[in-house]
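Quick notes on the structure that follows.
If you read the sequence from its start, that first residue is 1, and numbering goes on from there.
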Amino acid sequence: MEFVIYSLLILAVSGALSMKNKYIGLAGALIAALLTAVNNPLLLMILVIAIINLASLDLMKGFLRGVDYTLVGLIFVATVYAFYSQSLAFLLGMFVVASVPTYMMVMASDTGMRVEVGIKYMTFMVIATVLFLIGAVLMVHASATSSLALYYIGFTMLIVGLAIEVGAGPFHEWVPDVFDTADPIPVSVIASIAKFVPFVVAFKIVSSTHMGDEVITLIGSILAVVSMLVGNIGALTSQKPARILAYSTVANMGYIIAALIVAVKEEFIYLAFAGAMLQLLTNSLGKIGFFIGIKEKAMPTVETYVLALSFIGLPPLMGFWSKLYILSSLVYANFIWVAVLLVLNSAMSVPYYVRLMKTFEGTKGYRKVAAYLITLTAVLMLLTVVPPNWIIESSKLLMSYLAIGGV
């Protein structure tokens with residue numbers, strides 16, 4: 001844990017010095033990321049996403065003068081330690097640390113500050129954070145005192161806070177507006193690396209405290225299905241690429257919440273966790289690639305097809321395996337109706353991803369840096385041509401850090 005202090009110290013110093021030279025902020029973020037001793041394939045993939053996020057910031061003009069690198073580095077450090085921490089206070093602290101940097105990033109653009117979108121985003125995030133934190137504390141307290149009523153209240157607050165934070169339906173109101181009006185590069189950060197911590201913390205709290213399993217899985221299942229439906233219907237009826245991607249995020253968050261309900265079944269949780277993390281990786285790579293394309297108003301055709309087909313779930317691309325693992329965990333845990341609705345919702349997504357492909361088909365004029373980054377995201381989607389056993393093994397290893405101490 002001492003590396004947390006070193007990493008935060010480096011980020012603080014490099015963030016301050018980045019006002020003179022923005023690349024000091026980049027160097028500090030990279031050193032802090034490497035200091036976190038990544039020795040797990042899943043965390044290594046998250047490091048790669050963080051590095052792509054850092055590189056994509058170069059596509060903006062005068063973006064926060066280098067502090068932006070520090071903010072992304074801070075989110076990554078919080079993400080790694082959220083996986084390893086078993087302290088409730090530390091976990092909730094990491095939840096806040098991963099969320100707050102996005103408040104500033106969402107307002108920045110090439111032409112100045114977008115205050116209106118920033119205020120809207122911050123309002124929802126503050127509500128989400130308060131609900132999540134209070135809900136988590138109530139769940140832990142209720143588990144220790146065996147108070148079922150208090151546990152239900154806590155779980156409801158936590159799941160609503162989580163839904164607002166990650167943009168799951170029906171608490172997704174901020175998502176289409178922010179994704180459509182904010183600069184695409186900060187949005188790609190919000191839609192990628194910033195999504196991991198809320199789910200990791202929620203998995204740990206639910207798996208460590210679960211009581212009244214039938215009620216909480218019912219609430220979670222309904223929320224997951226509603227999010228899938230709202231997201232897919234919204235994307236089907238949207239025309240602008242940014243709004244399609246916004247609703248695509250809402251649907252993807254539904255798939256991951258479906259995996260979260262398996263947290264009450266200890267024997268299958270590693271499979272659900274692996275599916276959820278792989279779905280987050282798929283969502284991150286696809287959103288980074290497409291939002292860079294929106295920034296450039298063009299993207300390479302082949303890479304566009306790979307990213308979209310992975311979102312659809314075509315084997316052997318990454319999106320296929322993530323849905324397969326989530327579906328398998330749901331079936332093993334006997335949540336058959338949720339698995340069936342997930343498959344139907346996945347089929348509903350095909351038309352709008354095809355529309356997204358045609359939007360960028362044959363476009364030209366993107367900068368070289370943008371092309372390299374989009375190509376990298378597409379290549380990473382191909383990593384699963386070989387079945388991704390590494391995500392299963394990584395998840396099993398991380399299961400030893402799942403229980404929260406003192407519960």
Side-chain angles (χ1 to χ4, degrees), residues 56 59-60 106 109-111 114 116-118 120-121 124 163 166-192 195 225-255 279 282-314 317 319 344-366 370-371 373-374 377-378 381:
S56 69
L59 296 169
M60 296 190 70
V106 75
S109 73
D110 288 344
T111 55
R114 298 185 178 181
E116 186 178 349
V117 68
K120 183 169 188 174
Y121 178 76
F124 279 97
V166 301
F171 307 100
H172 64 288
E173 186 181 340
W174 64 271
V175 182
D177 291 340
V178 170
F179 277 41
D180 191 28
T181 55
D183 190 283
I185 299 302
V187 169
S188 72
V189 175
I190 292 170
S192 57
K195 297 287 187 204
V225 171
V226 168
S227 190
M228 294 178 212
L229 282 171
V230 168
N232 284 319
I233 293 171
L236 284 169
T237 55
S238 296
Q239 298 300 321
K240 297 174 69 176
R243 294 188 78 84
I244 292 174
L245 292 169
Y247 283 110
S248 150
T249 297
V250 176
N252 285 335
M253 296 305 105
Y255 303 148
Q279 184 66 24
T282 304
N283 184 69
S284 299
L285 293 170
K287 293 294 155 45
I288 291 172
F290 274 114
F291 274 107
I292 289 176
I294 291 172
K295 177 75 175 175
E296 299 294 295
K297 298 182 174 61
M299 58 190 295
T301 300
V302 174
E303 287 85 337
T304 305
Y305 274 64
V306 171
L307 295 178
L309 292 174
S310 183
F311 271 141
I312 288 172
L314 188 77
L317 299 172
L344 292 175
N345 273 277
S346 188
M348 284 173 63
S349 69
V350 174
Y352 64 79
Y353 284 126
V354 171
R355 182 149 28 98
L356 205 54
M357 284 191 283
K358 291 182 177 176
T359 301
F360 290 102
E361 193 174 42
T363 54
K364 294 181 179 178
Y366 37 79
L373 293 176
I374 294 170
T377 59
M381 288 289 196

>> Looking at every non-hydrogen atom in both residues, tell me the closest pair between Ile292 and Ser56 and how far apart they are.
In response: CD1-CB, 4.1 Å
> At their closest point, which heavy atom of Tyr352 faces which heavy atom of Ile244, and how far apart are they?
Replying inline: CD1-CG2, 3.7 Å
> Are Met357 and Leu309 close enough, and set up right, to give a side chain to side chain contact (heavy atoms under 4.5 Å, CB included), and what steps lead you there?
Replying inline: CA-CA 9 Å; Met357 284 191 283; Leu309 292 174; 4.3 Å; yes
> Excluding sequence neighbours, so at least two apart, what forms side chain to side chain donor-acceptor pair (under 3.5 Å) with Ser192?
Replying inline: Asn53
> What is the distance from atom OG1 of Thr304 to atom CD1 of Ile374, rounded to the nearest 0.5 Å?
Replying inline: 7.0 Å
>> If I take atom CG from residue Asn252 and atom OG from residue Ser284, how far apart are they, to the nearest 0.5 angstrom?
In response: 10.0 Å
>> Using every non-hydrogen atom in the two residues, find where Met381 and Leu285 come nearest and quote the distance to one decimal.
In response: CE-CB, 3.7 Å
> What salt bridge (Lys or Arg N to Asp or Glu O under 4.0 Å) pairs are there with at least one residue in residues 352-364, not counting sequence neighbours?
Replying inline: none
>> Between Ser310 and Leu307 (side chain of the first, backbone of the second, donor and acceptor by atom type, cut-off under 3.5 Å), is there such a pair?
In response: no
> Residues two or more places apart in sequence or in another chain: which of them pass side chain to side chain donor-acceptor pair (under 3.5 Å) with Tyr121?
Replying inline: Thr102
>> Can you list everything that forms a side chain to side chain donor-acceptor pair (under 3.5 Å) with Tyr247? Sequence neighbours excluded, please.
In response: none
>> Among residues at least two apart in sequence or on other chains, which ones pass side-chain contact (heavy atoms from CB on, under 4.5 Å) with Val187?
In response: Phe179, Ala182, Phe291
> With sequence neighbours left out, what residues match Tyr353 under ring pair (Phe, Tyr, Trp, His ring centres under 6.0 Å)?
Replying inline: Phe311
> Which residues satisfy the side-chain contact (heavy atoms from CB on, under 4.5 Å) test with Thr359, sequence neighbours excluded?
Replying inline: Pro241
> Can you list every salt bridge (Lys or Arg N to Asp or Glu O under 4.0 Å) pair that touches residues 289-312, not counting sequence neighbours?
Replying inline: Asp110-Lys295, Asp183-Lys295, Glu296-Arg367
>> Using a 3.5 Å distance criterion without hydrogens, assess whether the side chain of Thr377 forms a donor-acceptor pair with backbone atoms of Gly286.
In response: no
> Backbone N or O of Ala191 within a donor-acceptor pair of the Asn283 side chain at under 3.5 Å?
Replying inline: yes
> Which residue pairs satisfy the side-chain hydrogen bond (donor to acceptor under 3.5 Å, both in side chains) criterion with at least one member in residues 170-180, sequence neighbours excluded?
Replying inline: Lys120-Asp177, Asp180-Lys240
> Can you name the side-chain contact (heavy atoms from CB on, under 4.5 Å) partners of Pro351, sequence neighbours left out?
Replying inline: Leu236
> For Thr181, what residues pass the side-chain contact (heavy atoms from CB on, under 4.5 Å) criterion, not counting sequence neighbours?
Replying inline: Val117
> For Lys287, does its backbone N or O pair with a side-chain atom of Ser188 as donor and acceptor, under 3.5 Å?
Replying inline: no
> According to the salt bridge (Lys or Arg N to Asp or Glu O under 4.0 Å) rule, which pairs have a member within residues 229-239, sequence neighbours left out?
Replying inline: none
